[in-house]
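See structure below.
Every chain is numbered from 1, with letters handed out A, B, ... down the list of sequences.
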Protein chains: 2
Amino acid sequence: MPPVNPKTSYPSGLDCRLAVLGRDARLTPHRRAVFQTLAESTDHPTALDLFTRIKTRSSDISLATVYNCLEHLTSNGLIKQVHLERGQSRYCANLHEHVHFHCEKCGKVTDAHPMADFDPATYWNLPKGAKVTRTDVAIHGLCPDCTK
Amino acid sequence: MPPVNPKTSYPSGLDCRLAVLGRDARLTPHRRAVFQTLAESTDHPTALDLFTRIKTRSSDISLATVYNCLEHLTSNGLIKQVHLERGQSRYCANLHEHVHFHCEKCGKVTDAHPMADFDPATYWNLPKGAKVTRTDVAIHGLCPDCTK
DNA sequence: AATTAGAACTAGAATGATTCTAAAATGATC
DNA sequence: GATCATTTTAGAATCATTCTAGTTCTAATT
């Protein structure tokens, strides 16, 4: 096994999360840009949002590459895809267990972190013998700013 | 206020739910077909599913009309739109409070009814001052048939 | 340093779900 | 039975995403 090139492989120093990737998953400038732009965003941007931000702030990139990078990062478990309504997918670099609060007026999406363990089987009658792997919770309502 | 035409207005006898509509919301044969076809379905069909079922089983209809009827029924609160993944919207005539169990293998969607009151604020740290109007819960996993 | 094989990037085409448009049909009221 | 609003329709348009196929880039090898 040849040595990993420190310049182009996902370094564990930059962000421990990036280290989970195998050595053949390259940390290209584009992937870095997509990941970092998303990590700096608190607003759950769409692919197009990220495309615009990366294009104006830093390097040139194509929309197809943004989609490729997002798919790569998602399938490697570095980021998560979020679906709140039909339409565009949104992305989220927060890997801590959390759910989403969606403001129906301004559209803002806020992460809500757990205070206690949650088991859906205590609240809903699941099919007998079903095996739960994941529970998606989306809370809709009015954010503090929009209740005024 | 002129009398309601019993033949074309949503009758309260057929299904009490249909009575919630105002008198200017007509119960056309197409709307009736879309509603009834959905009400008889347990599989959370897509607009295209409903289009095919209505077209083959009963009257002729266009896909645009299915979309129009679904939009009409949804905005009048007679049916619900369900988004489990990106892609097509699914529809559900079950208005009892419930959540959805989605089998990741066979794709089947099952309604899961509540056994206890559920307040998301006891589990997740919502933004201070936020007002919750609705909580969408989608439970993903393997259905009883697929665990075998 | 040049070669090579594979991975990543790209523009533009293609796809799939949905919405829009504008005209025709239908229904309700006058 | 005329009139006006609503519904239906086919087909065009749109929007987000994925695909295609050619090009460029990267890293290991010569």
Side-chain angles (χ1 to χ4, degrees), chain A residues 1-11 21-35 44-52 54-55 58-76 78-79 81-91 107, chain B residues 1-11 21-35 44-52 54-55 58-76 78-79 81-91 107:
Chain A
M1 184 169 164
V4 171
N5 181 321
K7 275 214 188 111
T8 53
S9 297
Y10 286 87
L21 293 174
R23 52 175 295 284
D24 43 315
R26 295 187 202 151
L27 176 62
T28 65
H30 285 147
R31 288 181 183 169
R32 188 191 286 269
V34 170
F35 179 79
H44 303 77
T46 64
L48 191 63
D49 290 337
L50 290 166
F51 169 67
T52 321
I54 293 165
K55 203 158 188 184
S58 47
S59 54
D60 199 31
I61 195 168
S62 83
L63 182 55
T65 300
V66 173
Y67 275 107
N68 288 343
C69 292
L70 287 169
E71 150 59 23
H72 174 86
L73 294 165
T74 304
S75 65
N76 282 284
L78 297 177
I79 63 173
Q81 213 179 21
V82 184
H83 296 124
L84 288 163
E85 327 248 19
R86 88 162 300 286
Q88 307 132 289
S89 298
R90 303 186 161 272
Y91 296 86
Chain B
M1 183 169 163
V4 170
N5 182 323
K7 276 218 186 103
T8 51
S9 298
Y10 286 88
L21 292 175
R23 50 177 295 283
D24 43 316
R26 294 188 201 150
L27 175 62
T28 66
H30 286 148
R31 288 181 183 167
R32 188 192 286 269
V34 170
F35 179 79
H44 303 78
T46 63
L48 191 64
D49 291 337
L50 290 167
F51 169 67
T52 322
I54 294 165
K55 202 158 187 183
S58 47
S59 55
D60 199 31
I61 195 167
S62 82
L63 183 54
T65 301
V66 174
Y67 275 107
N68 287 345
C69 293
L70 287 169
E71 150 59 22
H72 173 86
L73 294 165
T74 304
S75 65
N76 281 285
L78 297 178
I79 63 172
Q81 213 179 20
V82 184
H83 297 123
L84 288 163
E85 328 248 19
R86 88 163 300 285
Q88 306 133 288
S89 297
R90 302 187 160 273
Y91 295 86

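- Across all their heavy atoms, Leu63(A) and Ala47(A) have their closest contact at CD1-O, 4.2 Å.
- Rounded to whole Å, the distance from CG on Leu27(B) to C1' on dA28(C) is 15 Å.
- With rounding to whole Å, Asp60(A) atom CG is found 11 Å from dC9(C) atom C1'.
- As a whole-Å value, the separation of Lys55(B) NZ from dA10(D) C1' is 11 Å.
- Shown here are the side-chain hydrogen bond (donor to acceptor under 3.5 Å, both in side chains) partners of Ser62(A), two or more places apart in sequence or in another chain: Thr65(A).
- His72(A) places its NE2 atom 19 Å from the C1' atom of dT17(D), with the value rounded to the nearest Å.
- In this structure Asp49(B) satisfies the side-chain hydrogen bond (donor to acceptor under 3.5 Å, both in side chains) test together with Thr46(B), sequence neighbours excluded.
- Rounded to whole angstrom, the span from the CZ atom of Phe51(A) across to the P atom of dG12(C) amounts to 12 Å.
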Review item, nucleotides 15-21 of chain C N/O atoms under 3.5 Å of protein N/O:
from    : atom 1 : to       : atom 2 : distance (Å)
dT18(C) : OP1    : Ser89(B) : N      : 2.6
dT18(C) : OP1    : Ser89(B) : OG     : 3.2
dT18(C) : OP2    : Tyr67(B) : OH     : 2.3
dT18(C) : O5'    : Tyr67(B) : OH     : 3.2

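- If you take NE2 of His30(B) and P of dT6(D), they are 19 Å apart, rounded to a whole angstrom.
- In this model, the phosphate group of dC9(C) is not approached by any side-chain N or O of Ser62(A) to a distance below 4.0 Å at OP1 or OP2.
- In this structure, CG of Leu50(A) is placed 11 Å from P of dT17(D), rounded to the nearest angstrom.
- Under the 4.5 Å side-chain criterion, counting only non-hydrogen atoms from C-beta, Ile79(B) is not in contact with Val34(B).
- At whole-Å resolution of the value, CZ in Arg31(A) and P in dT26(D) are 12 Å apart.
- Of the side-chain N and O atoms in Thr28(B), none sit less than 4.0 angstrom from OP1 or OP2 of dT7(D).
- At a threshold of 4.5 Å between non-hydrogen side-chain atoms, the residues His44(A) and Tyr91(A) do not count as touching.
- Here Arg90(B) contributes atom CZ and Arg86(A) contributes atom CZ; the two are 13.0 Å apart, rounded to the nearest 0.5 Å.
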